[in-house]
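In the text below, chain A, chain B and the rest are named by the order of the sequence lines, each starting its count at 1.
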Amino acid sequence: MGQTVIEKIFSAHSKDEVKPGNIIWLDLDVRSARDFAGASVVMNLEKYYQNEENCEDKDKTVFTFDCVVPANNLGYAENQQTIRVFAREEGIRLFDSEWGIGSHILIEEGYSIPGSTVVGTDSHLNIMGCIGAFGQGMGDQDIAFGMKAGKTWFEVPPTMKVTIEGDLKAPCSAKDLTLAVIRKLTSKGALGKAIEFEGKAIDNLSLAGRITLSSMVTEMGGIVGFVPPNDEVISYCKKRARSDFTPYYAEEDAKYIEEVIVDISDLKPLIAKPFKPDNVVEVESLEKDNIHVESAFIGSCTNGRYEDMKIAVDMLKGKQVAENTVMKIVPATRTVLGDMIKNGDIQILFNARTVVSNPGCAGCASGQIGMTGKGEVQVSTGNRNFKGKQGSGLTYLCSPETVTASAIAGKIISPENL
Amino acid sequence: MKKPIILKGKAIVLRNDTNEPIDDIDTDMIFHNKYLHITDINEMGQYAFDNLDGWKDFAKKTEKGAILILGANFGSGSSRQQAVDCFTALGVQALIAKSYGAIYKRNAINAGMPLLLAAIIDNISDIVTGDEIEVNLETGLIKNITKKKDYQAMGMSKVQMDIYLAGNLFDYAKGM
């Protein structure tokens, strides 16, 4: 019987028999921790491995600061300092506050490559499915153990196939496709499963679009969601890779526990209402309610690539954000910010009266762009709108197109109707 | 000290005001991100569920040895270990849910917190907060001593049991 993508990746990283339900020991190519939970990882390493080598391979160990950068409260400042000192003394690579979102840095800097296994304290680390790698967010004890041992136990999940039928047509973009999948699967549809995405619309997704889709597999309850790497992705990763790699594709006769079809032929821009990411409706259906938007956020690991920024820039050219709305734009990484500076985008965003900040998680982690107050409506390109996650306001999740249209209109509006 | 396979304690059933089990309780409801900087486990208990409507006073209501009965997709969301550790801090003995967020499940297993799957939790809906229950971690048998009724959950897997008996993942790894 043929293997699914996760089974092939696991087989290449384990001596144990890989089949769904089996618990195997899995070799880890990259072990990372960020400013959130990273200090606890360090404490665990120091507590349990006091007088011995605490990292199996320092070149495979990475710290990133992305949640609250630079630290704006004492808790984060102290945690970051704990990590900083540890990384310096141990000779472990740290991407400090200027770099941006760790998961994106791992891809940009060639740590995560197709076919690799990557773990970290970021619950959206399964984003690595976007390049055909296995990624997994884990708690601080898990990651400390992974850094020490270079491997971890893992229960091989069954795989489900999600086939997208129809083409993705503007003004819909990868986020609308992603929300369409979440609407279909709900928050529990992929619980405990790996996903393989298939279909022409998937093949046509750029790396940025693949990042958007894979990043929200967490909100579908999934372990990881794989997008088969195409030439663009392989060549992007080859330029950056720290070692050779093999992309894995499912075998013809691979066994799936479930097959789901999501038809996007008639897709309209979608939005997830508070307080659940699977509370998905068409943006247009909210227009009659005249929902005033106080805060509009573009960024996060889900929509923080240059392509996402460019959507806002193009829509805002020669325009301004509505008078009673604040628009906050946060590139995922330094590289994205660098491209925005080089291409003159910052000038346009400045003229449009937006706040542009340094790279990082920002909106999703109550980081550099702050939080929402009680009753404050925020449209966000992030991935979670749980109650209290970004302050006490009401967060709606949607595409960069819908966020920008709503920021210009000052109310929730579909980009088609701006 | 040998860890017990059979646990006995008071059930606390997480239901909403219409007596439905609460699904999708995420890690921000269990342990809000405003407390993420807390690394001392002794500080964590007081904040357990303090962002979950109807359960904000959980830390005061619970007692040492409590066994939590939970809905589906419990602990979805972020990777924070504190969302498990806050229960350990309060002396919670075990968690029984319909299903768990994947990361949460790992965190609980690694920390040696007994966690059972009871897929058909609707059948145990007559357990109410305050019932005295007994849980066999190996077989998954749940006995409601108060109501004299039995229910079947899934027993713990081998790795899960090994880690639990050793204490936690680190202690388990020492014997590998």
Side-chain angles (χ1 to χ4, degrees), chain A residues 21 23 25 36-37 39-40 43-44 47-49 67-68 73-79 82 120-126 136-145 148-149 152-155 157 186-188 191-193 218-219 221-224 275-276 278 365-366 371 384 386-390, chain B residues 23-30 32-41 50-53 71-85 98-113 117 119 157-160 162-163 167-174 176:
Chain A
I23 291 171
W25 285 100
F36 158 58
S40 301
M43 278 171 41
N44 282 316
K47 177 175 167 194
Y48 290 101
Y49 308 113
C67 284
V68 180
N73 65 67
L74 202 52
Y76 263 102
E78 285 173 348
N79 284 354
T82 299
T121 55
D122 174 358
S123 61
H124 285 102
L125 211 75
N126 50 8
Q136 196 64 191
M138 292 179 175
D140 55 73
Q141 296 180 356
D142 235 345
I143 294 302
F145 178 78
K148 161 72 181 174
T152 194
W153 64 272
F154 209 85
E155 186 178 330
T186 77
S187 66
K188 299 181 273 290
L191 206 59
K193 298 171 203 155
T218 304
E219 281 62 48
I223 301 284
V224 58
F275 295 102
K276 287 184 177 187
D278 61 355
S366 301
M371 308 179 169
R384 281 182 188 151
F386 298 145
K387 198 170 189 174
K389 177 138 182 94
Q390 291 125 36
Chain B
D23 289 350
D24 297 316
I25 293 178
D26 67 69
T27 50
D28 267 315
M29 298 174 185
I30 302 171
H32 193 265
N33 65 21
K34 66 181 168 222
Y35 310 123
L36 283 186
H37 60 276
I38 296 172
T39 50
D40 178 359
I41 189 162
D50 93 336
N51 187 38
L52 178 64
D53 286 343
N73 200 19
F74 182 76
S76 61
S78 88
S79 63
R80 71 197 64 165
Q81 185 77 38
Q82 291 108 315
V84 174
D85 293 347
K98 196 166 179 177
S99 56
Y100 298 91
I103 303 175
Y104 191 86
K105 188 174 160 189
R106 282 188 73 88
N107 286 345
I109 292 173
N110 287 338
M113 165 66 80
L117 264 178
S157 71
K158 185 169 183 306
V159 168
Q160 187 180 3
D162 290 347
I163 293 172
N168 61 33
L169 180 65
F170 298 103
D171 294 328
Y172 168 62
K174 280 181 195 149
M176 271 167 61

Considering only heavy atoms, which portion of [X] lies under 4.5 Å from any heavy atom of chain B: side chain, backbone, both, or neither?
| X | answer |
| --- | --- |
| A:Asn79 | side chain |
| A:Lys276 | side chain |
| A:Met43 | side chain |
| A:Phe145 | both |
| A:Tyr49 | side chain |

Any chance you could measure [X], atom [atom1], to [Y], atom [atom2], to the nearest 0.5 Å?
| X | Y | atom1 | atom2 | value |
| --- | --- | --- | --- | --- |
| B:Ile109 | A:Ile23 | CD1 | CD1 | 7.0 Å |
| B:Ile163 | A:Gln141 | CD1 | CD | 10.5 Å |
| B:His37 | A:Glu78 | NE2 | CD | 9.0 Å |
| A:Asn73 | B:Leu36 | CG | CG | 9.5 Å |

>> Test side-chain contact (heavy atoms from CB on, under 4.5 Å) on B:Asn110 and A:Trp153; report intermediate values, then the result.
In response: CA-CA 10 Å; B:Asn110 287 338; A:Trp153 64 272; 2.9 Å; yes
Residue [X] versus chain A: region with a heavy atom under 4.5 Å:
| X | result |
| --- | --- |
| B:Lys105 | side chain |
| B:Ser157 | side chain |
| B:Ala111 | both |
| B:Ile38 | neither |
| B:Tyr35 | neither |
| B:Tyr100 | backbone |

> If we only count heavy atoms from C-beta on, is the A:Phe36 to B:Asn33 side-chain gap below 4.5 Å?
Replying inline: no
> Parallel, tilted or perpendicular for B:Phe170 and A:Tyr48, by the 30°/60° rule?
Replying inline: parallel
> Would you find more than 12 non-hydrogen atoms of other residues, nucleotides or ligands less than 6.0 Å from A:Lys47 atom NZ?
Replying inline: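 Open.
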> Does NZ in A:Lys148 sit with more than 12 non-hydrogen atoms of other residues, nucleotides or ligands closer than 6.0 Å?
Replying inline: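 Counting neighbours around NZ of A:Lys148, more than 12 heavy atoms of other residues, nucleotides or ligands fall under 6.0 Å, so yes.
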Looking only at heavy atoms, which two atoms of [X] and [Y] are closest? And how far apart?
| X | Y | result |
| --- | --- | --- |
| B:Ser99 | A:Leu191 | OG-CD2, 3.3 Å |
| B:Asn51 | A:Lys387 | ND2-O, 3.2 Å |
| B:Gly77 | A:Ser123 | O-CB, 3.5 Å |

> Would you call B:Asp26-A:Lys389 a salt bridge at under 4.0 Å N-O?
Replying inline: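 Salt bridge between B:Asp26 and A:Lys389, a charged N being under 4.0 Å from a carboxylate O: no.
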> If we ignore angles and hydrogens, is there a donor and acceptor under 3.5 Å between the side chains of B:Arg106 and A:Thr152?
Replying inline: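 Note: B:Arg106 and A:Thr152 side chains meet the donor-acceptor criterion.
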Quick one: of [options], who has the most non-hydrogen atom pairs under 4.5 Å with chain B?
| options | result |
| --- | --- |
| A:Gly221, A:Ala144, A:Ser187 | A:Ser187 |
| A:Asp140, A:Thr218, A:Ile143 | A:Asp140 |
| A:Gly139, A:Ala365, A:Ser366 | A:Gly139 |
| A:Asp122, A:Asn44, A:Leu125, A:Leu74 | A:Asn44 |
| A:Ala37, A:Ala149, A:Ser40, A:Gly388 | A:Gly388 |

>> Among B:Asp28, B:Asp171, B:Leu169, which residue has the highest count of heavy-atom pairs closer than 4.5 Å to chain A?
In response: B:Leu169
